[in-house]
Amino acid sequence: MIKQDFIPKLNRNRPGYPMEPQGLLIHSTNNWKKSADAEMHAKYLKSGQNHVAGWHVTVDAEQAIQHIPFNENAWHAGDGSQGHYNRNWIGMETCTNLVTRNQKLDDPTYQNAVKTAAEIVKMFHFTRDQVQPHNVVKGKNCPWDKHFDRDQFREDVFKLVEGTPILSEPTATIRQAQEWAKGRGATRTFIDIAQLYWSIDPKSGVNPAIAYAQSAKETGFGRFGGVIDETYKNPCGMKTTSGGGNYDPEAHQRFKSWEEGITAHCDHLALYAGAEGYPKSDPPDPRHFSWIFGKAKTVEQLSGRWAPSETYGQSILEDYLKPLEQMEVDIMSRFSDLSDDRWSASAIEKVAEQGLMVGYNDGTFKPTEPVTREELAVILTRLKGGN
Ligand SMILES: [Zn+2]
């Protein structure tokens with residue numbers, strides 16, 4: 001929500017040339033005084049009739065205030081009275097009052113700036129090219145380079161605008177997922193089924209980290225505790241074809257194996273996301289209805305669709321997926337029985353990274369055990385790119 005508190009029309013810093021916004025120019029105030037928040041800048045802009053410089057929006061840690069309507073120009077870009085940016089672009093100032101000149105910008109202000117910029121981008125359907133740092137005009141150090149990475153800022157804005165796609169490369173490794181689950185008190189079964197997610201989901205283009213995060217939410221990290229238990233092998237609260245109430249165990253699907261349950265979960269997500277080759281002709285997914293095809297391409301759009309809650313998708317992202325993706329694991333401890341000073345450690349790390357040899361479900365590699373002919377056949381098949 002951007003609060004409006006406009007500069008009086010008589011002020012010189014509200015020039016009033018009509019404008020159809022062609023982009024959003026990002027600034028930082030570079031005023032490092034504690035009191036220099038959005039409110040103070042709004043007062044300053046309204047005060048003197050002879051201030052010339054002005055801009056459209058100021059963002060601080062708590063709010064965003066708009067000083068000039070978006071269909072009027074402002075003198076914020078320093079490219080002259082006929083300047084392309086001065087006459088066509090919206091100017092947004094980011095307050096730097098909570099940091100010093102050498103610090104990274106504080107998170108609340110940064111997040112609010114990203115959110116406000118995303119709001120403006122959505123309003124005018126701007127593309128990436130239409131969001132630029134003031135720096136593009138004569139190389140000015142604005143936004144201040146110590147405060148944040150300007151390209152990352154643009155990426156963060158568009159992440160909010162576009163949402164988190166369900167179909168993508170994996171955004172985390174199995175090892176990250178398992179360490180994260182362990183830290184959250186997951187059951188042994190839930191930790192083990194991460195392997196299945198990472199082997200099944202990528203074949204349909206589904207990001208396994210998203211599916212696993214959703215499963216953590218739906219099953220309470222495998223602890224269940226609702227009307228169904230682990231014996232249903234149902235990782236995602238999947239109902240039967242005829243469906244029914246959340247508190248009716250009979251309304252929930254029982255799967256023959258975890259592999260089948262996780263395939264059904266994957267198929268259902270892939271169908272929602274509009275994946276190629278969907279709907280499937282005979283899937284284990286009991287609710288593979290063709291009319292949901294392409295109805296939720298992002299995690300955000302699962303809200304009100306996969307579950308009635310309006311914050312369902314947001315909760316998967318904030319409470320589960322983000323911490324999973326941010327999990328830091330020591331790659332050399334991928335296997336519990338492999339120390340990094342072992343002569344073969346880096347070779348084992350490589351074959352594991354490429355998925356040629358994945359180790360055992362208990363997290364070990366057993367580096368000195370012999371390989372059977374059938375295991376070798378699996379490895380050779382993977383090497384040739386099959387499944
Ligand atoms: Zn600037």
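As the structure lists them, so they are numbered: ligands from 1, and atoms in each ligand from 1.
Side chains of Gln132 and Arg154: a donor-acceptor N/O pair is present below 3.5 angstrom, by distance only. Side-chain polar atoms of Tyr197 and His265 form a donor-acceptor pair below 3.5 angstrom. A donor-acceptor contact closer than 3.5 angstrom is absent between the side chains of Thr187 and Glu230.
Screening the protein for N, O or S atoms under 2.8 Å from the Zn ion (ligand 1) yields 3; no waters enter the count.
The ring pair (Phe, Tyr, Trp, His ring centres under 6.0 Å) contacts involving residues 163-183 comprise Trp180-Phe221, where partners must be two or more places apart or lie in separate chains. Annotation: side-chain hydrogen bond (donor to acceptor under 3.5 Å, both in side chains) contacts involving residues 115-127, sequence neighbours excluded, comprise Thr127-Gln130.
Counting Ile, Leu, Val, Met, Phe, Trp and Tyr side chains that sit under 4.5 Å apart, directly or through other members, Phe289 shares a hydrophobic cluster with Ile166, Leu167, Val206, Ile210, Leu269, Leu271, Tyr272, Tyr278, Trp291, Ile292, Phe293, Val299, Leu302, Trp306, Tyr312, Ile316, Leu317, Leu321.
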